[in-house]
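Note on naming: letters A, B, ... go to the chains in the order of the sequence lines (proteins, then strands), and numbering restarts at 1 for each one. Hydrogens, waters and symmetry mates play no part in the numbers below; they use all other heavy atoms, side chains included.
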Amino acid sequence: MVKLSTGQALQSALDMALSLDETVFIAGEGVGTSIHLDPNLPTHGLLEKYGPKRVKDTPVSEAAIAGLAVGASAMGLRPVVEIMFFPFITLASDMLVNHAAKLRYMSGGKNAFPLTVRVKAGVNFGAGCQHSHNLEAWIAHIPGLKLVFPSNPLDAKGLLLSSIFDPNPVVFVEEMLLYWMPGEVAEGDFRVPIGKASVVRAGKDCTLVSYGGAVHTALHAAEILDTEGISLEVIDLRTLVPLDESCVLDSIKKTGRLIVLHDATRFCGFGAEIAAIASEKAFDALKAPVMRVAAPDIPVPVSPPQEQFYKPDSDQVTEAVRAVMDPSVQRRQ
Amino acid sequence: MTAEGLNSQLRREIYTDMVLIRKFEEKLIALAREKARVVGMQILSYGQEAVAVGVVKALKPDDVVVTNHRSHGHLLAKGADPKFLMAEIMCKATGVNKGKAGTLHLAVPEINAIMTSTIVGASPPLGVGAAFAQQYRNLPDITVVFFGDGAAAEGSVHEAMNLAALWKLPVLFVCENNYWAGAQCLPEHSCVEEIVRRADAYGMPGAAMDGNDVEAVYKTTREMAEHCRSGKGPVLMEVRTYRMRGHGEHDPCHYMDQVELQQWAERCPVKSFRHRLMNENLLTDKDFAAIDAEQEAVVEAAVTFGDDSPFPAAEDALMDLWINS
Ligand SMILES: Cc1ncc(C[n+]2csc(CCOP(=O)(O)OP(=O)(O)O)c2C)c(N)n1
Ligand SMILES: [Mg+2]
């Protein structure tokens, strides 16, 4: 194990993939020469190491970048393309939604699209809603796209390598705030399987399901609740599609309560899917209503107090947990 | 180029506007280095003042401007109040958009600077819509769209130009070619370095000019704007200039050639216009000093106004999404 930031962990995954397999290449806006010099950025230093054949700066052309990935993957390459900020994925969406996700199906299983789209996400930069907008629920709604959203350096490395070598199209979301967060990371060709959630904190009173940067909000809330004698179990989904349902359901069956937390907006957010699954498949186990802690249904504001207001925090989580623990809301069995 | 057609009053105004923009952004450069004085990426038009002022001064007040992430110069030239812009860049409640826009999304519809988008390549299609409304209503006005050389690689720009040409919409496409798109220079993102050549592809007139010569920009814009206004359809202007700083103030510029930067600094549009006005004895050293002092005071007042203004209330984040119906 080595200590790396999440950004460096992602970098080591890209480096490993490039060195393992000649068919892997990287493309995107500024992935080779960037305006940033920060070694914690995932593509930092790769152009110098692998050269312009494998690490390709593109024009500002998201549709062509995504199309490049679809076409090249159909021909047997393993493209790893970058969308600079999550809202810009809308410009790439035709290639991803109508093509990456559907062409294999329509070929009767003849074609394969082993591509990875890395997307940088995050609220907190005062950049506003055209740079900050968590659209994972959009992606999750497209049958045919896998969706990975890690919360720490170890998973980031292991999941990125698995994504790159997965035979299907994968959208890989990187929470930028985590780029500078250090952690222990396995060396070498280390993989974390896609589709496996992880219980990052065991507990018995209430299950909290989250992913990405919000996992840290949940863990912070869990510590506060611990001092009040409430034991929160925190699940980090890690992969949203395919979803590790059994991990979530097993936990609900144990705790009888469920909170879902994400940084994205509430309405039709990914939390709604988790709540629906709990209701369909663990109804008998539920002692209290399922609650969602999510951003309000507005674009991400720029002004610091409003940006802070937007982002779900640990106080909102502890409040929600206390609410579902309240004796008055418990279901009579 | 001679000064033919520009009277001395106009030339003085043009120079003053350029100084305002320069001082306004010099202040932002300083503020960006202080924690929490301004919010977000400061993406400045430093060195590109002749484009903003040359184009916008050649328009009529009712003409519409749609701009992009590098908008401060365009908006100041159009007549936005520096106080309310500065407060907005500081994300304060008194800002022109109540702290909802910040530095990158300033919209000042009251002066017909109707929309700003930081989605690269978004301004051309937005401008097509605005120009359609002008044509639909038989208005005598035109829409000016600012976009960068980098944006010219977005598909949306091609779609917008084709549609505008097909429907003869009054759009003045202004490609502000500053040689950079982030860390990629023009030959790294386009084989055709003369963006103006694309005009041919859509059957519209095109014109390229020195974007550091404010009078050249002004005169070409006047001609081109008349073409649009007369119902003959869109035009494409490529205004050649140079991004004299990093992409934004967060950019250390490690990939930029210092010699080239220096060469362009010598061609600074503010400085060269100043020299021209001085050589032609239009303005004296005393006049220049007065203009500098005046515009500095305007900027200082704007900063004080911004500093003294409160942030918007957190819960007001919930407002302005919908119109109550
Ligand atoms: C759709 C989209 N892709 C990428 C970006 C990130 N980005 C912001 S400005 C920029 C470069 C644009 O270059 P250009 O159009 O020449 O404008 P300039 O910055 O030079 O004024 C990029 C890539 C963005 N804002 N929107
Ligand atoms: Mg440019």
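- Around NE2 of B/His158, the count of heavy atoms belonging to other residues, nucleotides or ligands within 6.0 Å exceeds 12.
- For A/Arg322, the CZ atom sits in a packed shell: over 12 heavy atoms of surrounding residues, nucleotides or ligands are nearer than 6.0 Å.
- To the nearest 0.5 angstrom, B/Gln184 atom CD is 8.5 Å from A/Glu29 atom CD.
- The line from NZ of B/Lys100 to CD1 of A/Ile298 is 7.5 Å long, rounded to the nearest 0.5 Å.
- Of the listed residues A/Gly32, A/Cys129, A/Ala127, the one with more heavy-atom pairs under 4.5 angstrom with chain B than any other is A/Ala127.
- Listed options B/Ser190, B/Gly40, B/Ala153, B/Ala151 were ranked by heavy-atom pairs under 4.5 angstrom with chain A; first place goes to B/Ala153.
- Taking the six-membered ring where tryptophan is involved, the planes of B/His105 and A/His131 are perpendicular, since the angle between them exceeds 60° and thus also 30°.
- Atom NE2 of A/His141 has 12 or fewer neighbouring heavy atoms from other residues, nucleotides or ligands inside a 6.0 Å radius.
- Both the backbone and the side chain of B/Leu318 come within less than 4.5 Å of a heavy atom in chain A.
- With a 4.5 angstrom heavy-atom cutoff, B/Asp316 touches chain A via backbone and side-chain atoms both.
- Looking at A/Phe125, only its backbone comes within 4.5 Å of chain B, counting heavy atoms on both sides.
- Between atom OG of residue A/Ser303 and atom CD of residue B/Glu88 there is a gap of 8.0 Å, rounded to the nearest 0.5 Å.
- Residues B/Glu154 and A/Leu91 are in side-chain contact: their nearest non-hydrogen atoms beyond the backbone lie under 4.5 Å apart.
- Using modelled atom types, one side-chain atom of A/Gln306 and one backbone atom of B/Ala313 make a donor-acceptor pair closer than 3.5 Å.
- Looking only at heavy-atom pairs under 4.5 Å with chain B, the residue among A/Pro299, A/Pro87, A/Pro304, A/Ala64 that has the most is A/Pro304.
- No donor-acceptor pair closer than 3.5 Å links the side chain of A/Thr33 to the backbone N or O of B/Ala183.
- For A/Gln308, no part lies under 4.5 angstrom from a heavy atom of chain B.
- To the nearest 0.5 Å, atoms NE2 (B/His247) and CD1 (A/Ile35) are separated by 5.0 Å.
- Rounded to the nearest 0.5 Å, atoms CD1 (B/Ile119) and CZ (A/Phe85) are 10.5 Å apart.
- Smallest separation of non-hydrogen atoms from A/Leu37 and B/Pro252: CD1-CG, 3.8 Å.
- For B/Ala101, the part lying near chain A is the backbone, with the side chain staying farther off; criterion is any non-hydrogen pair under 4.5 Å.
- The parts of B/Ser117 that come within reach of chain A are both its backbone and its side chain, each placing non-hydrogen atoms under 4.5 angstrom from that chain.
- A/Pro301 approaches B/Ala317 most closely through the heavy-atom pair CG-CB, 4.0 Å.
- Here the closest heavy-atom approach between residue B/Tyr255 and residue A/Ser34 is recorded as CD2-O, 4.0 Å.
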